[in-house]
Asker: 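First the structure, which I've put down as structure tokens, then a few questions once you've had a look.
Just so you know, ligand 1 is whichever comes first in the structure, and atom 1 is the first atom listed for that ligand. Numbering of residues begins at 1 and proceeds along the displayed sequence. None of these values were measured; they are calculated from a predicted model.
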Amino acid sequence: MDPQLVVIGGGPAGSTVAAHVSGLDTVMVEEHAAVGSPVQCTGLVHPRVVSLASASETVLNTITGFKLFFPGGRMLDVGSDEPKALVIDRRRFDELLSERAVEHGAKLLTGHRFQGFERTPDGLRVRLDGPDGPRYLGTPLLVGADGYKSGVGRGAGLGPCREMVRGIQAELDVRLEDQEKVEVHIGSNVAPGFFAWVLPCGERTRVGLGVSSGHGAPSQYLSALLKRRGLDGARRIALNAGAIPIGPPKRTVADNIILVGDAAAHVKPLSGGGLLLGMRSARDAAQTAMDAVANGDLSERFLSSYEDAWRADVGKEIERGMLIRKVFVGMTDKKLDEAGRMLDRDDVREILATGDIDYPSKLAAPLLRKVPSLIKFSPTVIGQLLRR
Ligand SMILES: Cc1cc2nc3c(=O)[nH]c(=O)nc-3n(C[C@H](O)[C@H](O)[C@H](O)COP(=O)(O)OP(=O)(O)OC[C@H]3O[C@@H](n4cnc5c(N)ncnc54)[C@H](O)[C@@H]3O)c2cc1C
């Protein structure tokens with residue numbers, strides 16, 4: 001029998017949709033032989049993500065602060081007594097979520113790649129390529145949770161996202177002395193248009209960065225960072241590359257189709273974190289999927305309730321993040337160093353220590369009250385940010 005829902009992608013967004021559509025006959029399709037690999041993630045999340053996913057068993061380390069390195073060498077050391085973020089085993093995290101989806105009744109089809117769909121009088125005919133050749137599934141509703149390259153989004157004419165940042169990360173067989181703080185490095189020679197990180201993770205260390213387009217290969221920046229950080233001699237356990245979609249497309253639904261997670265650029269524009277936003281939007285997608293099938297209405301108009309729901313939930317923080325990113329990418333190294341000088345004060349560090357990695361925009365108003373001259377870096381955009 002044809003399923004009532006086909007979800008493409010066995011990542012956190014796809015598994016969350018599949019686990020929350022009670023009563024719908026659901027097939028979740030994953031192109032790899034197993035869910036969770038290859039890993040394309042640092043696994044740094046706020047503790048609320050681990051709670052949301054009930055995934056405490058995947059936690060590897062607790063982070064209480066950060067060290068921010070400016071291009072000219074200044075370092076801002078910000079600590080707190082509370083856990084600010086957790087480092088997770090991303091492979092195990094994905095496995096756990098997909099196991100939950102299966103426990104809730106979804107059928108998981110691994111080793112099958114979505115190739116496209118055609119419209120039929122009853123909905124869609126979805127083509128998958130598997131080990132035994134092409135296979136077709138008829139369904140009224142298709143969820144594209146197929147990541148930043150989203151073939152579902154392309155096929156439906158949705159997208160693209162506004163910008164794609166290329167990311168790379170090496171996992172090293174080395175233990176850092178400071179296990180509580182993540183290093184963040186900024187500057188045009190380190191990670192143009194984004195940032196680099198050095199994340200302690202017990203006996204291992206994750207070193208990675210993002211680069212916005214037009215700045216050359218991320219691997220060359222990674223080699224330089226490893227060298228500068230004295231980590232180029234450490235044994236590499238893994239090297240992963242991926243991309244971070246920034247800025248959701250105008251529409252994330254079409255007739256019979258919903259996009260969620262990275263496929264819809266449900267990602268924090270400043271940090272590139274997508275787990276929280278993807279999983280929260282996936283719950284909205286599941287609710288709309290159930291309502292749409294129950295009502296027999298799979299039109300774009302009906303499915304728009306999903307789009308309204310995710311924009312009301314996470315859309316505002318994404319838009320604020322886009323504005324902060326605009327200010328950040330507009331700053332030269334010289335301006336970044338100047339901002340570093342202005343922020344290097346105990347009272348400012350105290351404000352930074354209250355920050356929440358999921359809501360960076362909440363720091364804007366208190367920081368500007370303490371250091372009003374920060375506004376000079378982009379009066380118009382910072383003004384827009386404060387009005388939102
Ligand atoms: C270098 C890097 C570091 C990151 N670090 C963090 C971090 O620390 N914290 C954080 O919150 N986020 C981080 N992210 C972002 C995070 O990894 C993503 O936002 C998250 O994985 C999105 O989940 P998803 O389920 O939407 O997509 P994905 O996790 O990408 O899952 C999509 C799934 O769809 C499958 N698929 C794709 N195409 C097809 C097809 N045609 N047929 C069948 N299956 C298909 C893929 O194999 C994959 O399993 C990072 C990203 C990168 C690149």
Asker: Applying a strict 4.0 Å limit to heavy atoms, is Gly43 in contact with ligand 1?
Answerer: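 It does; at least one heavy atom falls under 4.0 Å.
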Asker: Among Thr380, Leu374, Leu385, Ile382, find the one that has a side-chain contact (heavy atoms from CB on, under 4.5 Å) with Val327.
Answerer: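 The option that passes is Ile382.
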Asker: Other hydrophobic cluster members with Tyr148, side-chain heavy atoms of Ile/Leu/Val/Met/Phe/Trp/Tyr under 4.5 Å, chained?
Answerer: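 Members besides Tyr148, by chain and number: Met164.
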Asker: May I ask whether Lys268 has any heavy atom positioned less than 4.0 angstrom from an atom of ligand 1?
Answerer: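 In this structure, Lys268 fails to qualify as a contact of ligand 1 - no heavy atom is under 4.0 Å.
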Asker: I'd like to know if the side chain of Thr288 and the backbone of Ala285 have a donor-acceptor N/O pair within less than 3.5 Å.
Answerer: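 It does not hold such a pair.
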Asker: With a 4.0 Å cut-off on heavy atoms, does Pro12 reach ligand 1?
Answerer: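 Checking ligand 1 against Pro12, which is what was asked, there is a heavy-atom contact under 4.0 Å.
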Asker: Between Asp297 and Ser299, do the side chains contain an N or O donor and an N or O acceptor separated by less than 3.5 Å?
Answerer: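 Yes, side-chain donor-acceptor contact under 3.5 Å.
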Asker: Taking heavy atoms and a distance under 4.0 Å, where does Val49 meet ligand 1: side chain, backbone, both or neither?
Answerer: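 No part of Val49 comes within reach of ligand 1.
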Asker: Determine whether the side chains of Arg251 and Ser304 contain a donor N or O and an acceptor N or O closer than 3.5 Å.
Answerer: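 Yes - a donor-acceptor pair under 3.5 Å links their side chains.
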Asker: Using non-hydrogen atoms of the residue, decide whether Ala145 is closer than 4.0 angstrom to ligand 1.
Answerer: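 Yes, Ala145 has heavy atoms under 4.0 Å from ligand 1.
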Asker: Test your reading of the structure: does Tyr148 have an N or O sitting under 3.5 Å from an N or O of ligand 1?
Answerer: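 No - when backbone and side-chain N and O of Tyr148 are compared with those of ligand 1, no distance drops under 3.5 Å.
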Asker: State which residue, out of Glu183, Gln169, His185, fulfils the side chain to side chain donor-acceptor pair (under 3.5 Å) condition with Trp197.
Answerer: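 Looking at Glu183, Gln169, His185, the match for Trp197 under the side chain to side chain donor-acceptor pair (under 3.5 Å) is Gln169.
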Asker: Is there a heavy atom in Gln169 that sits closer than 4.0 Å to ligand 1?
Answerer: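 False for this residue.
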Asker: Of all residues at least two apart in sequence or in a different chain, which pass the side chain to side chain contact (heavy atoms under 4.5 Å, CB included) check with His32?
Answerer: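 Residues passing side chain to side chain contact (heavy atoms under 4.5 Å, CB included) with His32: Glu30, Pro38.
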Asker: Any nitrogen or oxygen of Leu44, side chain or backbone, less than 3.5 Å from one on ligand 1?
Answerer: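 Between Leu44 and ligand 1, an N or O pair is found under 3.5 Å apart.
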Asker: Between Gly274 and ligand 1, does any nitrogen or oxygen pair lie at a separation below 3.5 Å?
Answerer: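 Yes - when backbone and side-chain N and O of Gly274 are compared with those of ligand 1, one distance drops under 3.5 Å.
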